[in-house]
Number of protein chains: 2
Amino acid sequence: MSDAPQSTEAVDDYLKAILELSGVDEDAVTSNALAEHLGVRAASVTGMLQKLAAREPSFVHYQKHYGVRLSVVGRRRALEVIRHHRLLERFLHDFLDYSWDEVHEEAERLEHYISERLEDRIAAKLGDPALDPHGHSIPEKDGAVAERHEVALASWPCDVPAAISSVSDRNPAELREMKRLGLLPGTVLVVEPGTRAGSILVRIGSDSPTRVSSELAAGIMLAGGPR
Amino acid sequence: MSDAPQSTEAVDDYLKAILELSGVDEDAVTSNALAEHLGVRAASVTGMLQKLAAREPSFVHYQKHYGVRLSVVGRRRALEVIRHHRLLERFLHDFLDYSWDEVHEEAERLEHYISERLEDRIAAKLGDPALDPHGHSIPEKDGAVAERHEVALASWPCDVPAAISSVSDRNPAELREMKRLGLLPGTVLVVEPGTRAGSILVRIGSDSPTRVSSELAAGIMLAGGPR
DNA sequence: GACATAATTTAGCTAAACCTAAATTACCAC
DNA sequence: GTGGTAATTTAGGTTTAGCTAAATTATGTC
Ligand SMILES: [Mn+2]
Ligand SMILES: [Mn+2]
Ligand SMILES: [Mn+2]
Ligand SMILES: [Mn+2]
C-alpha cells in the first residue's frame with residue numbers, strides 16, 4: 001500500500017551496474033568502470049555513490065578513491081530489478097511476439113516500474129521460468145540466484161565440446177547475427193584449432209565450421225559440455 | 001530510433017488532466033482545478049503551465065488568470081497516453097488476472113513507459129478492443145475517439161430504462177462495491193421514484209430495487225436505454 | 001467605484017541527476 | 001623520495017518538478 005518508491009530508475013541502474021561489474025568474487029567497482037558502463041561522466045558517478053552510501057539504509061559501501069561494493073540492501077534491490085528485467089524479457093518474448101533482440105530495450109525501462117503484483121502475475125503466467133531468452137538465470141523472489149560456472153567462448157579450449165549457456169543481450173545486431181549462425185543458448189559446439197586473431201572457428205554439430213568474430217564471441221558464455 | 005522522450009510522466013499527467021477536466025465542450029481549465037485533480041499546489045501548476053505553453057511545439061494555450069486549453073499537439077499526446085492506459089487495463093484484466101479495481105493503479109504508472117511497439121502488440125493480442133474494463137472507450141491509434149452521449153446516473157429520470165456505459169476507475173473500494181451490487185458496464189437498470197437525498201433507488205432487471213449511495217452514483221454514467 | 005475575498009502568479013528554495021572544468025589523490029617508475 | 005600520469009573527487013552550474021510565502025489580479029457586492 002505504501003506509495004513512496006524506495007529507489008529511482010537511476011539508482012536501480014547504478015545498483016545493477018555495480019552487481020554486474022563486481023563479478024562473482026564481488027570486487028570493489030571503480031567510478032570509471034561505472035561511468036563507462038552507464039554512459040555518464042565519472043564526476044556524476046562520484047556524486048551518486050556518495051548519495052547511495054549516505055542514504056538510510058545504505059545501498060553501498062563506498063571508500064573514496066577505492067571503489068564501491070553493494071550492501072546487503074543494495075544487492076537485494078539489484079537482484080529484484082534483474083528479476084523484473086528477465087521476467088519481462090521472457091514474457092515479451094513468449095506472449096507478445098517480441099524477438100530476442102527486441103526484448104532488452106523494453107525490459108530495461110519497464111523493470112523499474114512494474115509492481116510486485118505484476119511481477120508475480122507474470123512469473124505465474126510463465127510458470128516461474130528459470131532462464132530469460134538469452135539464457136541468463138532469473139533470480140528467485142527471495143533473491144536466491146542459481147550458481148553457474150560460465151566460461152567465455154574466447155577462452156574455451158579447442159576440441160572440448162561445450163554448450164552455450166548464455167549470450168549478451170546488449171546489442172540487437174549481434175543477437176540477430178548469433179541467431180543466424182545458430183548460436184543459441186543450449187547449442188552444443190566445439191572450438192576448432194583454426195583460431196586466428198580476430199576470430200574463432202567453431203563447429204556446431206556435424207556442420208562445416210563457422211568463423212565467429214571476436215566481438216560476437218565476447219558475448220557468448222559456455223558451460224561445461226555434455227559429460 | 002530516436003531516444004529522447006517527447007514528454008515526462010509529469011507532463012503526461014498534466015495533459016491528461018486538462019483533457020479530462022475540460023469536458024466535451026473543451027472549456028478552459030483553471031489552475032486550481034488542476035492542482036486539486038493532480039494533488040499538487042496551485043503554484044506548481046502555474047509553473048508547469050508556463051513550461052507547457054513555452055515549449056516548441058506548444059502543448060497548451062495558456063492565458064494567465066484565465067485558464068488553459070490543450071493545443072492540437074497536446075491533445076494528441078493526452079489521447080496517446082489514455083490509449084496506453086486503457087489498453088493496459090484491458091490487458092492486465094484479460095491476460096494477467098487483475099480484477100477491475102486493481103488495473104487502474106498499475107496502468108497509471110506504466111502508461112508513460114511502454115513503447116509504440118508494446119502498445120501495438122498489446123492491442124493486437126486483445127484484438128483491438130474498443131472499451132477498457134470500466135467501459136471507457138479506447139482512443140484509436142490515430143487519436144480518433146468514439147463519440148458517446150453519457151449522462152450521470154444522478155441526473156437520469158425515473159422509470160426510463162438505461163444501460164450503464166462506464167464507471168469511474170479511480171476508487172478501488174467503490175469498484176468492488178459496484179461489482180457486488182451488479183453495477184457493471186452494460187447492465188440495464190431503471191431509476192425508481194424512491195430517491196432520497198444521499199442515495200438513489202435503482203432496479204436491475206426484475207430484482208428488488210437496490211439503494212445506491214450518491215458517492216457511488218457519482219461514478220456511474222449511463223447511455224440511453226434500449227429503444 | 002471601492003473593497004473584500006478568492007484565485008492565481010511570482011519569488012525564492014529544495015532535491016534528483018546530470019554536466020564541465022578544476023582540484024586532488026593514488027600509484028608506478030626511476 | 002620525487003615526479004608524472006591516470007583516476008577520482010570537488011566545485012559550481014543546469015533542468016525538471018515540486019514546495020511555501022508573499023504578491024498580484026479578477027470579480028462579485030455594496
Ligand atoms: Mn534500466
Ligand atoms: Mn536478457
Ligand atoms: Mn500517470
Ligand atoms: Mn479505466
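Being a predicted model, the structure only gives us computed values, none of them experimental. Here is the naming used below: chain letters follow the sequence lines, and residue numbers restart at 1 for every chain.
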Start and end of chain B contact along DNA chain C [non-hydrogen atoms, under 4.0 Å]: dA7(C) to dT10(C)

Whole angstrom value for the distance that separates P of dT25(D) from OH of Y66(B): 11 Å

Name of the residue among H136(A), M221(A), K179(A), M178(A) meeting side chain to side chain contact (heavy atoms under 4.5 Å, CB included) with V167(A): M178(A)

Sugar-phosphate only, base, or nothing, as touched by A43(B) at under 4.0 Å among non-hydrogen atoms: base

DNA chain C: 5'-proximal contact among K64(A) and V11(A) (nearest heavy atom): V11(A)

S99(A) side chain to D101(A) side chain, donor-acceptor N/O pair below 3.5 angstrom: yes

Integer-rounded Å distance: dT14(D) P and K51(B) NZ: 15 Å

Sugar-phosphate only, base, or nothing, as touched by T46(B) at under 4.0 Å among non-hydrogen atoms: base

Y113(A): ring-ring contact (aromatic ring centres under 6.0 Å, His included) partners, not counting sequence neighbours: Y113(B)

Test item: side-chain donor near acceptor, S166(B) and E150(B), under 3.5 Å: yes

Sugar-phosphate only, base, or nothing, as touched by S44(A) at under 4.0 Å among non-hydrogen atoms: base

Carboxylate-amine/guanidinium proximity below 4.0 Å for K141(B) and D128(B): no

Touch class at under 4.0 angstrom, heavy-atom based, for A10(B) against every strand present: sugar-phosphate

Between C1' of dT25(D) and NE2 of H65(B), the distance in whole Å: 4 Å

Side chain to side chain contact (heavy atoms under 4.5 Å, CB included) partner of D169(B), chosen from H85(B), E108(B), E105(B): H85(B)

